[in-house]
Amino acid sequence: MADKKNKEIEYGADQIQILEGLEAVRKRPGMYIGSTSARGLHHLVYEIVDNAVDEALAGFCTEIEVTINPDNSITVIDNGRGIPVGINHKAGIPAVEVVFTILHAGGKFGGGGYKVSGGLHGVGASVVNALSDWLSVEIRREGKLYEQRYERGHTCYPLKEIGTCGEDESGTKVTFKPDATIFEEVIYDYDTLKTRLRETAFLTKGLKITLIDTREGMEQEITFHYEGGIKEFVEYLNRSKEALYPTIMYFEGKKNNVLVEVSMQHNDSYNESVYSFVNNINTPEGGTHLVGFRNALTKTFNDYARTNKLLKDSDQNLTGEDIREGLTAIISVKIEDPQFEGQTKQKLGNSEARGAVDSIVSEQLTYFLEQNPDIAHTILDKSILAQRAREAARKARDLTRRKTALEGTSLPGKLADCSEKDPSKCEIYIVEGDSAGGSAKTARSRATQAILPLRGKILNVEKARLDRIYDNAEIKAMITAFGTGIHEDFDITKLRYDKIIIMTDADVDGAHIATLMLTFIYRFMPELIKQGHVYLAKPPLYKLEKNRQIWYAYSDEELDKILSEVGRDTNNKIQRYKGLGEMDPDQLWETTMDPERRILLRVNMNEEEESEVDLTFNTLMGDKVEPRREFIERNAKFVKNLDI
Ligand code: 0R9
């Protein structure tokens, strides 16, 4: 176990157990960091950064710097107190070595306080060490500079004092190189780290976080520093939307030993964008803190509306959903011993968080509404409209349900369904236009492939309320065909097809239609995307014919490759496809629908980045032109093969 480099350290039973602990991490990394894909790889950075953030939350660190080095190793530097270097008596080694070599040591040895570590994979520095080819730590503390290095979790030599530093200088620097034999690929994505670090900076008011990419040709850096904290987070999330009022509400307080911070502002959209965090960890499944927030909101607004006669006695109460229409909010709680529940351990279970958030928000929101009657009225006007639209939508939905009951399975007329009844074997192609729809109906494999042609552009759901959405024929056709229902009625077990495949022309219009469909699915049935049921078909861009032989190319690069293989000469007949309609059914089958030969792109969504996804859809499909133009300018360089 202890290799030659470790011979200077005397290993007792405890240390042997330590190394066995880290071996377990290497044997089953997925158990500790979720996966060994890009997600797990990036998780290593968050683990180390989170330790530095803990030091900031304790009030000792103001700056964190994260560098992607040319070899895809990562350096994280903080200006905190420096990890303690004294011997830990229980383990018989310096505290810093305990942090990096004992599984789950961080919390136990770090003392009390609110720890970022402890969330979904809040596994600590030792797991990063175990999964790294090598890791080195440098500590500046009390005028001295210390260093230690580990390889695949094994200590290379005892902690060394390698120099001095200024008396007023202190901090920790960790550099690690993820083990290429463990991870699928060791290449860091700047944008993924950027999104997460921006979020961390919003959640830790005043903390300055810099990300630097030093890889050749990719050199860039960005600094996040928000004195306004989550208030600025809401401002950022609403930047591509039209705010209903200028103020961003901010409530904070401490109760039952739970530190609560909430910020919120309504916009004129119809979507709710509420994100909750516990000790800076995103809780996409919510939990007690979110329940407390929702209770407080519903109760306080209804009380205000009744007291101020905005609702008649005979009126029904506004529902939470009515009040949260167009709401962007951040709920951030800090709690000493968070309990995470649910299948994915992303849901807060502590009951004291419910009461704390409920009472702090109720009290401060009541006061805010009394002080700001104009804002109160603006929000309630919108909520009352939402209530009416919801009522109209319910009637439309009941009507559809009644029809279904009378007429049996009333699948949309345009749907050419498949004969197979087992959904896991079925797929549905949503096809742009009647003519391509016709070809697809002829081309398909009738047993397992259903075709739903849609005429023209579907409604932009980003700009429509539920009642209009229920009124739209194309959207109704999709809802009925999928079988799952939408919103609170959504039930994935009723999904009639394992794969929902969006097939549009490879041009600007096609891309727009695909985006409209994705917006609809994302807003009303996000689980379909989260669970990997949604795909984009990729039709070929070119057909090359030479001496009666045919090749299809799906990109310019592929066409180039084929041409260099078959020779570039005058016998080549190259056709650039403008749309699906130009292919006959046989060609459509061969190139885009045959499960053996087609290319499908699965649409996926990282739940950890949900607020970014929300923002992207709103930027692309919402009202504001300027953020959309900026988005397009920023991303134009990534666009390929659009026939503009
Ligand atoms: C660059 C990444 N930074 C870190 O990993 C980091 C951990 C850490 C830390 C403390 C201070 N800065 C840190 N940076 C610290 C110091 C003291 C008490 N608690 C924490 C102190 O000076 O008294 N530590 C995190 C865990 C531990 N230190 C230890 F105490 F368990 F060793």
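Whatever order the structure lists ligands and atoms in, that order sets their numbers, starting from 1.
Look at Glu138 and Arg140 and you find a salt bridge, because one of the NZ, NE, NH1 or NH2 atoms lies within 4.0 Å of a carboxylate O, short of that distance. Using a 4.0 Å cut-off between charged nitrogen and carboxylate oxygen, Arg354 and Glu352 do not count as a salt-bridge pair. Salt-bridge annotation for Lys173 and Asp78: absent, with no side-chain N of the basic residue lying under 4.0 Å from a carboxylate O of the acidic one. A salt bridge links Arg523 and Asp614; the closest N-O separation between the charged side-chain nitrogens and carboxylate oxygens is under 4.0 Å. Comment: Glu612 engages Arg198 in a salt bridge, judged by a side-chain N to carboxylate O separation of less than 4.0 angstrom. Under a 4.0 Å N-O distance rule, the pair Asp189/Lys194 does not qualify as a salt bridge.
Not a single heavy atom of Ala125 sits closer than 4.0 Å to an atom of ligand 1. Ligand 1 is approached by Ala95 to a heavy-atom distance shorter than 4.0 Å. Within the structure, ligand 1 has Ile48 among the residues with a heavy atom less than 4.0 angstrom away.
Near Asn51, meaning under 4.0 Å from any of its heavy atoms, are these atoms of ligand 1: 4 (C), 5 (O). Heavy-atom contacts of Asp78 reach the following atoms of ligand 1: 1 (C), 2 (C), 3 (N), 4 (C), 6 (C), 13 (C), 14 (N) (cutoff under 4.0 Å). Under a 4.0 Å criterion applied to the non-hydrogen atoms of Val76, ligand 1 contributes the atoms 1 (C). For ligand 1, the atoms closer than 4.0 angstrom to any heavy atom of Val99 are 26 (C), 27 (C), 29 (C), 31 (F), 32 (F).
Looking at ligand 1, you'll find an N or O of Arg141 within less than 3.5 Å of one of its N or O atoms.
Of the listed residues (Glu47, Glu55, Lys173), the one carrying the non-hydrogen atom nearest atom 12 (N) of ligand 1 is Glu55.
Here the two rings, on Tyr236 and Phe202, have centers that are under 6.0 Å apart.
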